[in-house]
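See structure below.
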Amino acid sequence: MPFGGGGEMQKTAWLAALLLVLSAVSAPAGTLTEADVKRTGEASKRILAEALRTGRTHALLKDLCKTAPRRLSGSEGMAKAEAWAERALKDIGLENVRLEACKVPHWERGSVAELACLAPVPDTKLPILAIGGSVATPGDGLTAEVVEVKSFDELHAKADRVKGRIVFFNRPMDATLPDTFAAYGGAADQRVRGALEAAKVGAVAVVVRSLTTLLDDIPHTGTLFYAAAVKRIPAVAVSTLGAERLAALLAGGKTVKLRMRLDCRWHEDAPAHNVVGELRGTSRPDEILVVGGHLDSWDVGEGAHDDGAGCCQSIAALALLKTLNLRPKRTIRVVLFANEENGSRGGRGYVRTHAAELKHHVLALESDRGGFTPRGFATNAGPAALEILRALAAPLRSAGIEYVRPGGGGADISHMAKFGVVLVGYVPDSQRYFDLHHSARDTIETVNERELELGTAVIASLLYGVADMEKTLPRNDAQAR
Ligand SMILES: [Zn+2]
């Protein structure tokens with residue numbers, strides 16, 4: 001009926017054609033189907049509601065933080081954490097729960113950490129923590145004058161004044177950057193390589209301004225690198241207010257003398273384990289998705305955000321899928337990595353143990369940026385896989401997911417990149433992370449339950465979407481090794 005009376009039918013036909021065009025845009029042809037998108041959207045709603053209703057992630061995290069705080073590799077806390085994690089994975093009914101052995105660095109901070117100003121103000125104490133991996137001072141401490149620098153360029157320009165002195169690195173994180181991880185990245189060289197660079201020009205120790213966006217008296221630790229051919233000198237992080245006081249004393253070219261005492265110790269590498277469990281896939285169980293975080297933490301605070309949050313979100317994400325009977329076609333494997341903070345041996349160990357099956361790894365997702373409100377995902381996926389991830393993440397907008405953008409996945413999973421595995425990093429809001437990162441303040445009391453659960457829900461939804469696709473997510477090209 002070409003004229004009259006067919007208006008509604010024509011409209012319907014037009015609408016159908018338009019929907020087809022739209023679906024062709026949102027779903028890359030041949031890989032992601034309309035059914036995939038629909039199924040993931042429906043699952044996401046249920047996952048989100050269940051996560052917020054049960055609060056399981058927060059309960060798990062509280063238990064971890066109180067059972068095994070201070071989980072530095074090789075420590076008693078880490079051994080307790082492994083036992084806790086094995087039990088947690090069994091409790092939610094995962095399959096193939098196991099501990100996979102690897103060797104980890106073993107450093108202890110000791111009980112003495114003192115930095116005192118002897119002149120011009122006698123015996124003023126400054127709040128410090130030894131930087132992780134630092135060597136000790138002589139038993140009665142070391143005393144030297146201080147030279148302040150803001151960069152390695154300035155250090156080398158002042159090389160003739162540094163010999164026999166303590167170098168004070170005092171470049172703050174750039175407060176003008178909205179992304180605090182970028183600000184951290186721009187200042188972390190002082191903590192990581194400061195002792196090495198200062199030793200090259202004859203310094204006897206270093207004091208580094210804590211890497212935090214706050215101005216307070218809480219020092220923040222972290223790792224450092226030494227090099228085999230360069231003398232190892234002691235290194236401490238001073239609180240940001242302590243750094244301001246030291247800078248004020250030095251202002252106008254005054255001579256400032258400090259005394260430092262540390263009794264840190266290095267031991268032989270220690271035995272440790274990645275803790276692993278699986279939700280086996282229904283029809284393609286040999287294709288694997290990994291989700292995880294690192295179980296180790298620094299030896300101050302409780303490692304609640306770094307990275308107890310990521311571990312518990314990974315466990316709780318699989319618990320949600322089980323509870324809701326959302327068992328996907330492919331296997332999802334939770335991996336709680338043994339060592340990230342001072343060596344990345346957990347991630348390396350995983351790649352070694354699973355070398356033969358990495359070609360069947362579809363995706364690895366890590367949460368290691370704190371348990372804060374969701375913002376997005378970062379991924380190394382190629383263009384086709386990126387579009388698929390964007391389509392599958394679209395229903396998560398209401399939970400705070402604003403983007404899937406190109407970027408890194410996470411330190412523990414980074415070792416899988418060269419095998420062609422698509423890496424995804426969960427990106428929560430970054431504004432509060434460096435208030436507490438690597439400090440005594442990183443405790444369960446700083447974790448907001450609903451923000452944490454939203455993170456679990458978006459991780460579980462994206463994992464489910466990819467794990468249950470009709471066709472497999474395109475992998476990246478494996479790089480020549
Ligand atoms: Zn971490």
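When a ligand or atom number is given, it counts from 1 through the structure's own listing order.
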Do Ser239 and Leu126 pass the side chain to side chain contact (heavy atoms under 4.5 Å, CB included) test, and can you show the C-alpha distance, the side-chain angles, and the key distance before you say yes or no? CA-CA 8 Å; Ser239 70; Leu126 296 167; over 6 Å; no

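Counting just the N/O/S atoms of Asp306, the one with the shortest distance to the Zn ion (ligand 1) is named OD1.
Checking Asp368 against the Zn ion (ligand 1), an N/O/S atom falls under the 2.8 Å cut-off. None of the N, O or S atoms belonging to Glu341 lies under 2.8 Å away from the Zn ion (ligand 1).
A tilted orientation is assigned to the rings of His437 and Tyr433, their planes being inclined by 30° to 60°.
Judged by the 6.0 Å distance and 45° axis criteria, Arg369 is positioned over the aromatic ring of Phe181.
At a threshold of 4.5 Å between non-hydrogen side-chain atoms, the residues Val291 and Ile332 count as touching.
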